[in-house]
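Input: a single structure, listed below in structure tokens.
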Amino acid sequence: MFTLEIDGVAIAVINGSEEVANDLFTCDGFKDDIQTMKSDGKVLWNGTSPLKIRAATEDEIEIFEDALAEDDSEEDEPYEPDARHAEASNDDEAQDGEDDEEEEDADIVFLVDIDEDAGLDS
């Protein structure tokens, strides 16, 4: 698992490979999201600070696993991917010529509290 860190703050953990973590944490759609999302009234990313991707700590892995276990209910609606992310992914595949390869699934858990009144539209 890998953690996205911004300005020394662990922001999110992903359970994909390092390549998947780099791809998802640095794609334009995700960067747009973290420039909009807020924690304690402050945006997660100012658009200029480096996005550091590193191996997750044991504590971060535990938080990730607890969050997935808590979220694993039948009441949840099925996940629908953000169209911006799907477009970027399709563009990348077309450029790489790897349309036939299966994408690796990954889950992302935020390690900071996201403000309810700011961020992504539900």
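- Counting heavy atoms from C-beta on, the side chains of Phe30 and Leu4 come closer than 4.5 Å.
- Atom CG of residue Leu51 and atom CD of residue Glu5 lie 11.0 Å apart, to the nearest 0.5 angstrom.
- Atoms NZ and OG1, on Lys31 and Thr26 in that order, are 6.0 Å from each other to the nearest 0.5 Å.
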List the atom pairs, with distances to 0.1 Å, where a side-chain N or O of residues 61-69 and a protein N or O form a donor-acceptor pair under 3.5 Å, not counting sequence neighbours.
none

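- Judged purely by atom type and a 3.5 angstrom limit, Asn46 uses its side chain to pair as donor or acceptor with the backbone of Thr48.
- For the pair Asp113 and Asp115, the minimum side-chain heavy-atom distance is 4.5 Å or more.
- Leu111 CG to Ser39 OG: the interatomic distance, rounded to the nearest 0.5 Å, is 10.5 Å.
- The line from CD1 of Ile108 to OG1 of Thr3 is 11.5 Å long, rounded to the nearest 0.5 Å.
- Residues Ile6 and Ile34 are in side-chain contact: their nearest non-hydrogen atoms beyond the backbone lie under 4.5 Å apart.
- Residue pairs meeting the ring-ring contact (aromatic ring centres under 6.0 Å, His included) criterion with at least one partner in residues 31-62, sequence neighbours excluded, are absent.
- Taken from CG in Asp7 to CG in Leu44, the straight-line distance is 11.0 Å, to the nearest 0.5 Å.
- To the nearest 0.5 Å, the span separating CD1 on Ile14 from CD on Glu60 amounts to 13.5 Å.
- Between Val43 and Gln35, the closest side-chain pair of non-hydrogen atoms is not below 4.5 Å.
- Note on Val9 and Met37: same hydrophobic cluster, where clusters join Ile, Leu, Val, Met, Phe, Trp and Tyr whose side-chain heavy atoms are under 4.5 Å apart, directly or indirectly.
- At a threshold of 4.5 Å between non-hydrogen side-chain atoms, the residues Val20 and Phe2 do not count as touching.
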Before you tell me yes or no, could you show the steps for Phe25 and Ile53 under side chain to side chain contact (heavy atoms under 4.5 Å, CB included), namely the whole-Å CA-CA distance, both residues' side-chain angles and the distance that decides it to 0.1 Å?
CA-CA 8 Å; Phe25 284 148; Ile53 299 166; 3.8 Å; yes
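- Between Glu18 and Arg54 there is no salt bridge, since no side-chain N of the basic residue sits under 4.0 Å from a carboxylate O of the acidic one.
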